[in-house]
Protein chains: 2
Amino acid sequence: MTDINFKSPVSGEGVPSARPGDASSAASARWDIIELLFFAYRDFVGDADHVLEAFGFGRAHHRVVHFVCRYPGLKVADLLDVLRITKQSLGRVLKQLLDEGYIVQKAGDSDRRQRLLFATAKGEALVVKLAGLQTDRIERALCGLGADEAKAVSKFLRAMIDRDDPDKVLQTILQSDSAIAKDVT
Amino acid sequence: MTDINFKSPVSGEGVPSARPGDASSAASARWDIIELLFFAYRDFVGDADHVLEAFGFGRAHHRVVHFVCRYPGLKVADLLDVLRITKQSLGRVLKQLLDEGYIVQKAGDSDRRQRLLFATAKGEALVVKLAGLQTDRIERALCGLGADEAKAVSKFLRAMIDRDDPDKVLQTILQSDSAIAKDVT
DNA sequence: AAATTTATGTCAGTCATGTTGACATATCTG
DNA sequence: CAGATATGTCAACATGACTGACATAAATTT
(Lines give C-alpha, C1' and ligand atoms only; values in the text may rest on other atoms or scores of the structure.)
Protein backbone atom coordinates (compact mmCIF):
# COMPACT_ATOMS: atom_id res chain seq x y z
CA MET A 1 0.00 0.00 0.00
CA THR A 2 1.11 3.46 -0.68
CA ASP A 3 2.13 5.57 2.23
CA ILE A 4 0.13 8.41 3.48
CA ASN A 5 1.70 11.49 2.09
CA PHE A 6 -0.51 14.17 3.49
CA LYS A 7 -0.33 15.73 6.82
CA SER A 8 -0.40 13.74 9.94
CA PRO A 9 -3.70 12.12 10.69
CA VAL A 10 -5.91 14.63 12.25
CA SER A 11 -6.84 13.35 15.61
CA GLY A 12 -10.50 12.66 15.93
CA GLU A 13 -11.79 15.49 13.84
CA GLY A 14 -11.18 15.56 10.13
CA VAL A 15 -9.69 18.94 9.67
CA PRO A 16 -9.07 19.87 6.06
CA SER A 17 -5.78 21.63 6.34
CA ALA A 18 -4.00 19.93 3.51
CA ARG A 19 -5.39 20.52 0.08
CA PRO A 20 -4.80 18.05 -2.69
CA GLY A 21 -2.34 19.17 -5.31
CA ASP A 22 -0.88 22.08 -3.48
CA ALA A 23 1.51 23.13 -6.20
CA SER A 24 0.29 21.13 -9.16
CA SER A 25 -2.32 21.81 -11.76
CA ALA A 26 -4.92 21.62 -9.05
CA ALA A 27 -3.62 24.71 -7.32
CA SER A 28 -6.35 26.75 -8.91
CA ALA A 29 -9.11 24.19 -8.80
CA ARG A 30 -12.39 25.65 -7.65
CA TRP A 31 -12.86 23.24 -4.77
CA ASP A 32 -15.18 25.74 -3.17
CA ILE A 33 -17.68 25.90 -6.02
CA ILE A 34 -17.41 22.17 -6.70
CA GLU A 35 -18.38 21.32 -3.15
CA LEU A 36 -20.96 24.06 -2.79
CA LEU A 37 -22.66 22.73 -5.89
CA PHE A 38 -22.70 19.26 -4.39
CA PHE A 39 -24.27 20.35 -1.12
CA ALA A 40 -26.63 22.86 -2.71
CA TYR A 41 -27.97 20.35 -5.20
CA ARG A 42 -28.22 17.65 -2.56
CA ASP A 43 -30.46 19.81 -0.41
CA PHE A 44 -32.30 21.26 -3.40
CA VAL A 45 -33.50 17.88 -4.62
CA GLY A 46 -33.97 16.74 -1.05
CA ASP A 47 -36.90 19.13 -0.72
CA ALA A 48 -38.90 17.22 -3.28
CA ASP A 49 -37.85 13.77 -2.15
CA HIS A 50 -39.94 13.69 0.99
CA VAL A 51 -43.12 14.67 -0.79
CA LEU A 52 -42.46 12.24 -3.61
CA GLU A 53 -42.07 9.41 -1.15
CA ALA A 54 -45.59 9.99 0.12
CA PHE A 55 -46.81 9.64 -3.47
CA GLY A 56 -44.83 6.48 -4.07
CA PHE A 57 -42.74 8.24 -6.65
CA GLY A 58 -39.03 8.88 -7.07
CA ARG A 59 -36.91 11.56 -8.66
CA ALA A 60 -37.36 10.02 -12.06
CA HIS A 61 -41.10 10.59 -11.86
CA HIS A 62 -40.55 14.16 -10.73
CA ARG A 63 -38.34 15.00 -13.68
CA VAL A 64 -40.79 13.54 -16.17
CA VAL A 65 -43.93 15.15 -14.84
CA HIS A 66 -42.12 18.45 -14.27
CA PHE A 67 -40.99 18.86 -17.86
CA VAL A 68 -44.26 17.59 -19.28
CA CYS A 69 -46.13 20.08 -17.14
CA ARG A 70 -43.88 22.94 -18.03
CA TYR A 71 -43.68 22.20 -21.74
CA PRO A 72 -47.09 20.79 -22.67
CA GLY A 73 -47.18 18.80 -25.86
CA LEU A 74 -43.67 17.52 -25.41
CA LYS A 75 -43.04 14.43 -27.49
CA VAL A 76 -41.56 11.28 -26.02
CA ALA A 77 -38.45 11.84 -28.12
CA ASP A 78 -38.06 15.37 -26.74
CA LEU A 79 -38.27 14.06 -23.23
CA LEU A 80 -35.58 11.51 -23.97
CA ASP A 81 -33.30 14.32 -25.17
CA VAL A 82 -33.91 16.39 -22.08
CA LEU A 83 -33.51 13.65 -19.53
CA ARG A 84 -30.78 11.82 -21.42
CA ILE A 85 -32.05 8.39 -20.55
CA THR A 86 -33.16 5.49 -22.70
CA LYS A 87 -36.75 5.00 -23.77
CA GLN A 88 -36.90 1.86 -21.67
CA SER A 89 -36.08 3.80 -18.54
CA LEU A 90 -38.48 6.54 -19.46
CA GLY A 91 -41.14 3.99 -20.36
CA ARG A 92 -41.27 2.55 -16.89
CA VAL A 93 -41.91 5.80 -15.05
CA LEU A 94 -44.02 7.31 -17.80
CA LYS A 95 -46.33 4.30 -17.74
CA GLN A 96 -46.87 4.74 -14.02
CA LEU A 97 -47.60 8.44 -14.41
CA LEU A 98 -50.07 7.67 -17.20
CA ASP A 99 -51.75 4.85 -15.28
CA GLU A 100 -52.17 6.97 -12.21
CA GLY A 101 -53.53 9.91 -14.13
CA TYR A 102 -50.78 12.46 -13.76
CA ILE A 103 -50.11 12.65 -17.47
CA VAL A 104 -52.19 12.08 -20.60
CA GLN A 105 -51.17 11.37 -24.17
CA LYS A 106 -52.55 12.79 -27.37
CA ALA A 107 -51.65 11.79 -30.90
CA GLY A 108 -49.95 14.50 -32.94
CA ASP A 109 -52.04 16.32 -35.54
CA SER A 110 -49.57 16.26 -38.37
CA ASP A 111 -47.94 13.00 -37.34
CA ARG A 112 -50.21 10.58 -35.58
CA ARG A 113 -47.31 8.35 -34.53
CA GLN A 114 -46.26 10.98 -32.06
CA ARG A 115 -47.55 10.90 -28.51
CA LEU A 116 -47.75 14.42 -27.24
CA LEU A 117 -47.65 14.54 -23.48
CA PHE A 118 -49.68 16.74 -21.18
CA ALA A 119 -49.95 16.96 -17.45
CA THR A 120 -53.42 16.58 -15.99
CA ALA A 121 -54.71 18.83 -13.23
CA LYS A 122 -53.52 16.17 -10.81
CA GLY A 123 -50.08 16.18 -12.39
CA GLU A 124 -49.90 19.93 -12.41
CA ALA A 125 -50.85 20.07 -8.75
CA LEU A 126 -47.96 17.80 -7.89
CA VAL A 127 -45.50 19.76 -9.99
CA VAL A 128 -46.63 23.04 -8.50
CA LYS A 129 -46.33 21.65 -5.01
CA LEU A 130 -42.79 20.42 -5.59
CA ALA A 131 -41.74 23.55 -7.42
CA GLY A 132 -43.13 25.56 -4.54
CA LEU A 133 -40.80 23.88 -2.09
CA GLN A 134 -37.83 24.41 -4.32
CA THR A 135 -38.85 27.98 -5.03
CA ASP A 136 -39.01 28.66 -1.30
CA ARG A 137 -35.41 27.57 -0.98
CA ILE A 138 -34.35 29.60 -4.00
CA GLU A 139 -36.12 32.70 -2.75
CA ARG A 140 -34.53 32.32 0.65
CA ALA A 141 -31.16 32.14 -1.03
CA LEU A 142 -31.82 35.04 -3.37
CA CYS A 143 -33.34 37.38 -0.82
CA GLY A 144 -29.92 38.07 0.63
CA LEU A 145 -28.77 39.20 -2.78
CA GLY A 146 -29.31 42.35 -4.78
CA ALA A 147 -30.98 42.37 -8.18
CA ASP A 148 -27.65 42.45 -9.96
CA GLU A 149 -26.40 39.57 -7.89
CA ALA A 150 -29.48 37.52 -8.69
CA LYS A 151 -28.85 38.14 -12.36
CA ALA A 152 -25.29 36.99 -11.88
CA VAL A 153 -26.55 33.69 -10.51
CA SER A 154 -28.71 33.20 -13.56
CA LYS A 155 -25.84 34.08 -15.87
CA PHE A 156 -23.54 31.67 -14.07
CA LEU A 157 -25.95 28.74 -14.21
CA ARG A 158 -26.66 29.38 -17.84
CA ALA A 159 -22.96 29.43 -18.64
CA MET A 160 -22.45 26.12 -16.85
CA ILE A 161 -24.65 24.33 -19.38
CA ASP A 162 -23.32 22.63 -22.51
CA ARG A 163 -24.27 24.42 -25.70
CA ASP A 164 -23.13 21.95 -28.33
CA ASP A 165 -26.34 19.89 -28.52
CA PRO A 166 -29.17 21.87 -27.07
CA ASP A 167 -32.43 20.02 -27.17
CA LYS A 168 -35.65 21.88 -27.74
CA VAL A 169 -36.44 22.51 -24.11
CA LEU A 170 -32.96 23.72 -23.36
CA GLN A 171 -33.01 26.02 -26.36
CA THR A 172 -36.18 27.58 -25.07
CA ILE A 173 -34.71 28.02 -21.62
CA LEU A 174 -31.48 29.51 -22.82
CA GLN A 175 -33.29 31.92 -25.10
CA SER A 176 -35.49 33.39 -22.45
CA ASP A 177 -32.58 33.37 -20.11
CA SER A 178 -30.30 35.36 -22.37
CA ALA A 179 -33.07 37.87 -22.84
CA ILE A 180 -32.99 38.40 -19.12
CA ALA A 181 -29.24 38.61 -19.12
CA LYS A 182 -29.27 41.35 -21.74
CA ASP A 183 -31.67 43.41 -19.75
CA VAL A 184 -29.17 43.85 -17.02
CA THR A 185 -25.74 44.03 -18.45
CA MET B 1 -40.44 18.40 -35.78
CA THR B 2 -42.93 19.45 -33.28
CA ASP B 3 -42.19 22.54 -31.39
CA ILE B 4 -42.89 23.12 -27.80
CA ASN B 5 -46.30 24.51 -27.29
CA PHE B 6 -46.41 26.61 -24.27
CA LYS B 7 -50.11 27.09 -24.24
CA SER B 8 -50.98 23.91 -25.82
CA PRO B 9 -54.48 22.96 -26.75
CA VAL B 10 -55.46 20.04 -24.78
CA SER B 11 -58.84 18.74 -25.44
CA GLY B 12 -59.24 15.41 -23.78
CA GLU B 13 -59.81 14.20 -20.28
CA GLY B 14 -58.24 15.65 -17.23
CA VAL B 15 -56.38 18.22 -19.09
CA PRO B 16 -54.13 20.92 -17.84
CA SER B 17 -55.72 24.26 -18.02
CA ALA B 18 -52.57 26.07 -18.91
CA ARG B 19 -49.00 26.34 -17.90
CA PRO B 20 -48.33 25.97 -14.24
CA GLY B 21 -47.97 29.31 -12.70
CA ASP B 22 -50.58 31.27 -14.49
CA ALA B 23 -52.30 32.85 -11.58
CA SER B 24 -52.17 30.32 -8.83
CA SER B 25 -49.75 29.83 -6.01
CA ALA B 26 -47.17 28.93 -8.59
CA ALA B 27 -47.28 32.38 -10.10
CA SER B 28 -44.01 33.28 -8.52
CA ALA B 29 -42.26 29.95 -8.80
CA ARG B 30 -38.70 30.25 -9.96
CA TRP B 31 -39.05 27.85 -12.88
CA ASP B 32 -36.03 29.44 -14.45
CA ILE B 33 -33.63 28.71 -11.61
CA ILE B 34 -35.13 25.28 -10.98
CA GLU B 35 -34.52 24.21 -14.54
CA LEU B 36 -31.16 25.93 -14.88
CA LEU B 37 -30.00 24.06 -11.80
CA PHE B 38 -31.13 20.80 -13.34
CA PHE B 39 -29.28 21.33 -16.60
CA ALA B 40 -26.21 22.87 -14.98
CA TYR B 41 -25.80 20.03 -12.52
CA ARG B 42 -26.47 17.44 -15.21
CA ASP B 43 -23.62 18.73 -17.33
CA PHE B 44 -21.40 19.44 -14.34
CA VAL B 45 -21.41 15.83 -13.13
CA GLY B 46 -21.33 14.63 -16.71
CA ASP B 47 -17.78 15.91 -17.01
CA ALA B 48 -16.53 13.41 -14.48
CA ASP B 49 -18.68 10.52 -15.63
CA HIS B 50 -16.71 9.80 -18.79
CA VAL B 51 -13.39 9.62 -16.98
CA LEU B 52 -14.85 7.51 -14.20
CA GLU B 53 -16.15 5.01 -16.71
CA ALA B 54 -12.62 4.40 -17.95
CA PHE B 55 -11.58 3.61 -14.37
CA GLY B 56 -14.51 1.29 -13.82
CA PHE B 57 -15.92 3.62 -11.21
CA GLY B 58 -19.19 5.43 -10.77
CA ARG B 59 -20.30 8.66 -9.17
CA ALA B 60 -20.40 7.02 -5.77
CA HIS B 61 -16.67 6.33 -5.97
CA HIS B 62 -16.01 9.87 -7.04
CA ARG B 63 -17.82 11.37 -4.10
CA VAL B 64 -16.01 9.15 -1.63
CA VAL B 65 -12.50 9.64 -2.94
CA HIS B 66 -13.11 13.34 -3.45
CA PHE B 67 -14.06 14.08 0.12
CA VAL B 68 -11.41 11.78 1.54
CA CYS B 69 -8.79 13.52 -0.55
CA ARG B 70 -9.97 16.96 0.37
CA TYR B 71 -10.44 16.27 4.07
CA PRO B 72 -7.67 13.83 5.01
CA GLY B 73 -8.27 11.86 8.17
CA LEU B 74 -12.02 11.82 7.69
CA LYS B 75 -13.67 9.11 9.75
CA VAL B 76 -16.11 6.66 8.22
CA ALA B 77 -18.88 8.16 10.32
CA ASP B 78 -18.05 11.65 8.99
CA LEU B 79 -18.25 10.39 5.46
CA LEU B 80 -21.65 8.87 6.15
CA ASP B 81 -22.86 12.26 7.39
CA VAL B 82 -21.57 14.05 4.33
CA LEU B 83 -22.85 11.63 1.73
CA ARG B 84 -26.05 10.82 3.60
CA ILE B 85 -25.99 7.17 2.68
CA THR B 86 -25.93 4.01 4.79
CA LYS B 87 -22.74 2.32 5.84
CA GLN B 88 -23.64 -0.66 3.68
CA SER B 89 -23.74 1.53 0.60
CA LEU B 90 -20.54 3.27 1.57
CA GLY B 91 -18.89 -0.03 2.42
CA ARG B 92 -19.18 -1.35 -1.06
CA VAL B 93 -17.50 1.51 -2.86
CA LEU B 94 -15.04 2.19 -0.06
CA LYS B 95 -13.86 -1.41 -0.18
CA GLN B 96 -13.18 -1.13 -3.88
CA LEU B 97 -11.25 2.10 -3.43
CA LEU B 98 -9.20 0.50 -0.64
CA ASP B 99 -8.54 -2.69 -2.60
CA GLU B 100 -7.43 -0.78 -5.66
CA GLY B 101 -5.16 1.52 -3.69
CA TYR B 102 -6.94 4.85 -4.02
CA ILE B 103 -7.52 5.17 -0.29
CA VAL B 104 -5.79 3.89 2.85
CA GLN B 105 -7.03 3.53 6.41
CA LYS B 106 -5.27 4.32 9.66
CA ALA B 107 -6.51 3.63 13.16
CA GLY B 108 -7.24 6.73 15.21
CA ASP B 109 -4.68 7.66 17.89
CA SER B 110 -7.06 8.43 20.69
CA ASP B 111 -9.70 5.94 19.60
CA ARG B 112 -8.36 2.94 17.81
CA ARG B 113 -11.79 1.81 16.67
CA GLN B 114 -11.89 4.69 14.26
CA ARG B 115 -10.62 4.22 10.72
CA LEU B 116 -9.24 7.50 9.50
CA LEU B 117 -9.27 7.70 5.73
CA PHE B 118 -6.58 9.13 3.48
CA ALA B 119 -6.24 9.30 -0.27
CA THR B 120 -3.09 7.81 -1.74
CA ALA B 121 -1.10 9.53 -4.46
CA LYS B 122 -3.12 7.45 -6.91
CA GLY B 123 -6.35 8.59 -5.34
CA GLU B 124 -5.28 12.19 -5.28
CA ALA B 125 -4.31 12.03 -8.95
CA LEU B 126 -7.81 10.86 -9.84
CA VAL B 127 -9.47 13.52 -7.72
CA VAL B 128 -7.29 16.24 -9.18
CA LYS B 129 -8.05 15.06 -12.69
CA LEU B 130 -11.80 15.10 -12.13
CA ALA B 131 -11.75 18.38 -10.25
CA GLY B 132 -9.74 19.82 -13.12
CA LEU B 133 -12.50 19.06 -15.59
CA GLN B 134 -15.13 20.53 -13.35
CA THR B 135 -12.97 23.55 -12.60
CA ASP B 136 -12.58 24.17 -16.32
CA ARG B 137 -16.35 24.35 -16.64
CA ILE B 138 -16.66 26.59 -13.62
CA GLU B 139 -13.93 28.94 -14.81
CA ARG B 140 -15.55 29.15 -18.22
CA ALA B 141 -18.81 30.09 -16.55
CA LEU B 142 -17.20 32.58 -14.18
CA CYS B 143 -14.96 34.29 -16.71
CA GLY B 144 -17.95 36.11 -18.15
CA LEU B 145 -18.68 37.54 -14.71
CA GLY B 146 -17.09 40.27 -12.68
CA ALA B 147 -15.56 39.71 -9.27
CA ASP B 148 -18.69 40.87 -7.50
CA GLU B 149 -20.83 38.61 -9.62
CA ALA B 150 -18.61 35.62 -8.86
CA LYS B 151 -19.01 36.36 -5.18
CA ALA B 152 -22.74 36.50 -5.64
CA VAL B 153 -22.66 32.98 -7.07
CA SER B 154 -20.78 31.76 -4.02
CA LYS B 155 -23.19 33.52 -1.71
CA PHE B 156 -26.17 32.05 -3.50
CA LEU B 157 -24.90 28.49 -3.43
CA ARG B 158 -23.99 28.80 0.21
CA ALA B 159 -27.44 30.10 1.04
CA MET B 160 -29.05 27.18 -0.78
CA ILE B 161 -27.60 24.71 1.72
CA ASP B 162 -29.43 23.52 4.82
CA ARG B 163 -27.94 24.85 8.03
CA ASP B 164 -29.85 22.88 10.62
CA ASP B 165 -27.58 19.84 10.80
CA PRO B 166 -24.21 20.78 9.40
CA ASP B 167 -21.75 17.90 9.50
CA LYS B 168 -18.09 18.59 10.10
CA VAL B 169 -17.16 18.94 6.45
CA LEU B 170 -20.04 21.26 5.71
CA GLN B 171 -19.23 23.40 8.72
CA THR B 172 -15.72 23.84 7.43
CA ILE B 173 -16.92 24.70 3.97
CA LEU B 174 -19.44 27.24 5.14
CA GLN B 175 -16.89 28.88 7.39
CA SER B 176 -14.18 29.23 4.80
CA ASP B 177 -16.77 30.26 2.31
CA SER B 178 -17.87 33.26 4.27
CA ALA B 179 -14.24 34.11 4.81
CA ILE B 180 -13.67 34.02 1.08
CA ALA B 181 -16.72 36.08 0.50
CA LYS B 182 -15.18 38.82 2.57
CA ASP B 183 -11.80 38.48 0.94
CA VAL B 184 -10.97 39.84 -2.43
CA THR B 185 -10.87 36.66 -4.39
C1' DA C 1 -13.91 -7.37 35.94
C1' DA C 2 -18.13 -7.42 33.72
C1' DA C 3 -21.57 -5.22 31.12
C1' DT C 4 -22.75 -1.91 27.83
C1' DT C 5 -22.09 1.24 24.21
C1' DT C 6 -19.74 2.72 20.11
C1' DA C 7 -17.31 2.43 15.50
C1' DT C 8 -16.90 -0.30 12.02
C1' DG C 9 -17.50 -4.32 8.91
C1' DT C 10 -20.31 -7.65 6.59
C1' DC C 11 -24.05 -10.91 4.88
C1' DA C 12 -28.55 -11.29 2.65
C1' DG C 13 -32.27 -9.51 0.36
C1' DT C 14 -34.89 -5.71 -1.93
C1' DC C 15 -35.90 -1.53 -4.66
C1' DA C 16 -35.29 2.33 -7.98
C1' DT C 17 -33.36 3.60 -11.94
C1' DG C 18 -30.20 3.31 -15.22
C1' DT C 19 -28.25 0.20 -19.30
C1' DT C 20 -28.26 -2.97 -23.99
C1' DG C 21 -30.41 -5.77 -27.44
C1' DA C 22 -34.21 -7.43 -29.83
C1' DC C 23 -38.52 -7.07 -31.69
C1' DA C 24 -43.62 -5.36 -32.65
C1' DT C 25 -46.82 -1.89 -34.44
C1' DA C 26 -48.54 2.05 -36.38
C1' DT C 27 -47.63 5.65 -39.39
C1' DC C 28 -45.22 8.66 -42.43
C1' DT C 29 -42.37 9.27 -46.68
C1' DG C 30 -40.28 8.34 -51.11
C1' DC D 1 -45.32 -0.87 -51.97
C1' DA D 2 -40.81 -0.41 -49.47
C1' DG D 3 -38.39 1.60 -46.08
C1' DA D 4 -37.75 4.87 -42.37
C1' DT D 5 -39.51 6.74 -38.10
C1' DA D 6 -41.95 7.16 -33.39
C1' DT D 7 -43.23 4.61 -29.98
C1' DG D 8 -43.96 0.51 -26.94
C1' DT D 9 -42.37 -3.61 -24.81
C1' DC D 10 -39.89 -7.95 -23.31
C1' DA D 11 -35.81 -9.84 -21.12
C1' DA D 12 -31.55 -9.48 -18.84
C1' DC D 13 -28.35 -6.93 -16.30
C1' DA D 14 -25.54 -3.08 -13.47
C1' DT D 15 -25.26 0.44 -10.11
C1' DG D 16 -26.18 2.37 -6.00
C1' DA D 17 -29.44 3.17 -2.84
C1' DC D 18 -32.20 0.71 1.15
C1' DT D 19 -33.44 -2.44 5.60
C1' DG D 20 -32.40 -5.83 9.02
C1' DA D 21 -29.43 -8.72 11.36
C1' DC D 22 -25.27 -9.91 13.25
C1' DA D 23 -19.86 -9.84 14.34
C1' DT D 24 -15.77 -7.76 16.27
C1' DA D 25 -12.83 -4.73 18.57
C1' DA D 26 -12.25 -1.03 21.50
C1' DA D 27 -13.94 2.41 24.56
C1' DT D 28 -16.87 3.49 28.48
C1' DT D 29 -19.72 2.69 32.34
C1' DT D 30 -21.18 0.12 36.20
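Side chains are part of it too, since the values below use all heavy atoms of this structure and drop only hydrogens, waters and symmetry mates. Reminder, nothing fancy here: chain letters follow the sequence lines and each chain counts from 1.
- Rounding to whole angstrom units, CZ of residue B:Arg59 and P of C:dA16 are separated by 20 Å.
- Rounded to whole Å, atom C1' of C:dG9 lies 14 Å from atom CZ of B:Arg92.
- Considering only side-chain atoms of A:Lys75, the nucleotide from C:dG18, D:dT7, D:dA21 that sits closest is D:dT7.
- Of the candidate nucleotides C:dT27, D:dG8, D:dA21, D:dG8 has the atom nearest to the side chain of A:Gln105.
- In this model, the phosphate group of C:dT17 is not approached by any side-chain N or O of A:Ser89 to a distance below 4.0 Å at OP1 or OP2.
- Remark: A:His61 is in phosphate contact with C:dT17, judged by side-chain N or O atoms under 4.0 Å from OP1 or OP2.
- Taking atom CD on B:Glu53 and atom C1' on C:dT20, their separation rounds to 13 Å, with Å as the unit.
- For B:Asp78 and C:dT6, the CG to C1' distance is 14 Å, given to the nearest whole Å.
- Contact annotation: B:Thr86 side-chain N/O to D:dA17 OP1/OP2 distance is not under 4.0 Å.
- Counting only heavy atoms from C-beta on, A:Val76 has its side chain closest to D:dG8 among C:dG9, D:dG8, C:dG18.
- Between the P atom of C:dT6 and the CG atom of B:Asp111 lies a distance of 12 Å, rounded to the nearest Å.
- Between B:Tyr102 and B:Gln96 there is no side-chain heavy-atom pair separated by less than 4.5 Å.
- Between A:Asp109 and A:Phe57, it is A:Phe57 whose nearest contact on DNA chain C lies nearer the 5' terminus.
- A donor-acceptor contact under 3.5 Å links the side chain of A:Arg113 to the base of D:dT5.
- For B:Lys87, the listed nucleotide lying nearest its side chain is C:dT10; candidates were D:dA17, C:dT10, D:dA4.
- No salt bridge links A:Asp111 with A:Lys75; every basic N to acidic carboxylate O contact stays at or beyond 4.0 Å.
- Taking only side-chain nitrogens and oxygens, B:Arg112 comes nearer than 4.0 Å to OP1 or OP2 of D:dA26.
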Exercise for review: Given salt bridge (charged side-chain N to carboxylate O under 4.0 Å, His left out), test A:Arg42 with B:Asp162 step by step and report yes or no.
Suggested key: CA-CA 10 Å; A:Arg42 181 193 67 173; B:Asp162 282 337; over 6 Å; no
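- In this entry the distance linking CG of B:Leu90 with P of C:dT10 reads 11 Å, nearest Å.
- Here the straight-line distance linking atom CZ of B:Arg63 with atom CG of B:Leu130 works out to 12.5 Å at 0.5 Å rounding.
- A:Lys87 contributes no side-chain N or O that, together with a main-chain N or O of A:Val76, makes up a donor-acceptor pair within less than 3.5 Å.
- In the set C:dG18, C:dT5, C:dT27, the nucleotide with an atom closest to the side chain of A:Ile85 is C:dG18.
- One can place CG of A:Leu80 at 14 Å from P of D:dT9, the figure rounded to the nearest angstrom.
- Each of B:Gln96 and B:Gln88 lies near DNA chain D, and the nucleotide nearest B:Gln96 is the one positioned closer to the 5' end.
- B:Arg115 places its CZ atom 8 Å from the C1' atom of D:dA25, with the value rounded to the nearest Å.
- At a threshold of 4.0 angstrom between heavy atoms, the contacts of B:Gly91 with the nucleic acid are absent.
- Annotation: A:Phe156 is not in aromatic contact with B:Phe156 [ring centroid separation under 6.0 Å not met].
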